[in-house]
Structures are given as structure tokens and as C-alpha cells.
Amino acid sequence: MLEELKTGPIVVGLKQLRKALRDGTARRVFLARDAEGRLTDPMEAQCRDAGIEVTWVDTMAQLGEACGIDVGAAAAASLRQAP
């Protein structure tokens, strides 16, 4: 599933993820298990309320690498393709 982050449009980071959820463009959300729960728990709840699938990744480093960045990431999302 992490391949989605390498091939399609994505957003990285909690702020960008919140915007994608608000705009309805997020398709699947990826959260890092080793990120602080005070950051990921509310995001998981927001995704659940919006009916967005959440995929957990073991580490922030793995998520950042999957997103093509040199630092860890707590959250990312693959986006819906524009019609």
C-alpha cells in the first residue's frame, strides 16, 4: 500500500492532511505508529468519522521514505485523482 505514496498525488504532514480531509481530496491516510499519540489519535478519529481508510506504518522514518522525503513523517495521504 505504501506504493500509493510513490506513484500518485500525495500530501505529507498533519497540516496538509487536515486540509485534504476538509477538502474531501484524501483517499487513504497513512499514520506512523511511533509518532506521538496526541498527534495521530485525533487524526485517526477524524478519518474514521469521514469514512477514510487509515493504514498504520511502523515508523515515521518508513513513512517519510515512502513519501520521498529525507525526514520522518507522522502522517501522509494519497489523494483522489482529479476528474
Side-chain angles (χ1 to χ4, degrees):
M1 282 197 211
L2 288 178
E3 290 300 314
E4 287 180 39
L5 297 173
K6 296 178 182 181
T7 60
I10 64 168
V11 293
V12 181
L14 291 166
K15 184 176 180 181
Q16 293 299 317
L17 178 52
R18 282 187 199 100
K19 182 179 179 194
L21 287 172
R22 185 174 54 245
D23 295 346
T25 57
R27 183 166 52 112
R28 178 176 293 131
V29 170
F30 297 84
L31 299 173
R33 290 191 192 282
D34 66 343
E36 292 184 38
R38 67 180 178 84
L39 301 174
T40 57
D41 292 349
M43 185 58 62
E44 180 184 25
Q46 187 176 356
C47 291
R48 186 174 47 247
D49 292 345
I52 303 293
E53 181 180 351
V54 173
T55 300
W56 287 93
V57 179
D58 287 335
T59 68
M60 292 174 58
Q62 288 174 325
L63 187 52
E65 182 178 330
C67 293
I69 60 175
D70 293 332
V71 296
S78 60
L79 301 177
R80 299 180 194 284
Q81 298 289 341

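Among all heavy-atom pairs drawn from Leu31 and Ala75, the shortest one is CD2-CB, 3.6 Å. In terms of heavy-atom proximity, Thr59 sits nearest to Ala32 at C-CB, 3.8 Å. Closest approach of Thr40 and Ala74 over heavy atoms only: CG2-O, 4.2 Å. The two atoms that bring Gly37 and Pro42 nearest to each other are O-CD, 3.6 Å, heavy atoms only.
Sparse packing is recorded around CD of Glu65, with 12 or fewer heavy atoms of other residues, nucleotides or ligands lying under 6.0 Å away.
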Criterion side chain to side chain contact (heavy atoms under 4.5 Å, CB included) on Met43 and Leu21, from CA distance to verdict: CA-CA 10 Å; Met43 185 58 62; Leu21 287 172; 3.4 Å; yes
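There is no path of hydrophobic side-chain contacts, each under 4.5 Å, that joins Val57 to Leu39. At a threshold of 4.5 Å between side-chain heavy atoms, the hydrophobic network of Ile, Leu, Val, Met, Phe, Trp and Tyr places Leu14 and Val11 in two separate groups. Linking Ile, Leu, Val, Met, Phe, Trp and Tyr residues whenever their side-chain heavy atoms come within less than 4.5 Å places Val71 and Ile10 in a single cluster.
For residues 6-21, no pair satisfies side-chain hydrogen bond (donor to acceptor under 3.5 Å, both in side chains), with sequence neighbours left out.
Taking 4.5 Å as the limit, some side-chain heavy atom of Leu63 sits within range of a side-chain heavy atom of Leu5.
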Scan the side chains in residues 44-51 for donor-acceptor partners under 3.5 Å anywhere in the protein, sequence neighbours excluded, and list what turns up.
none

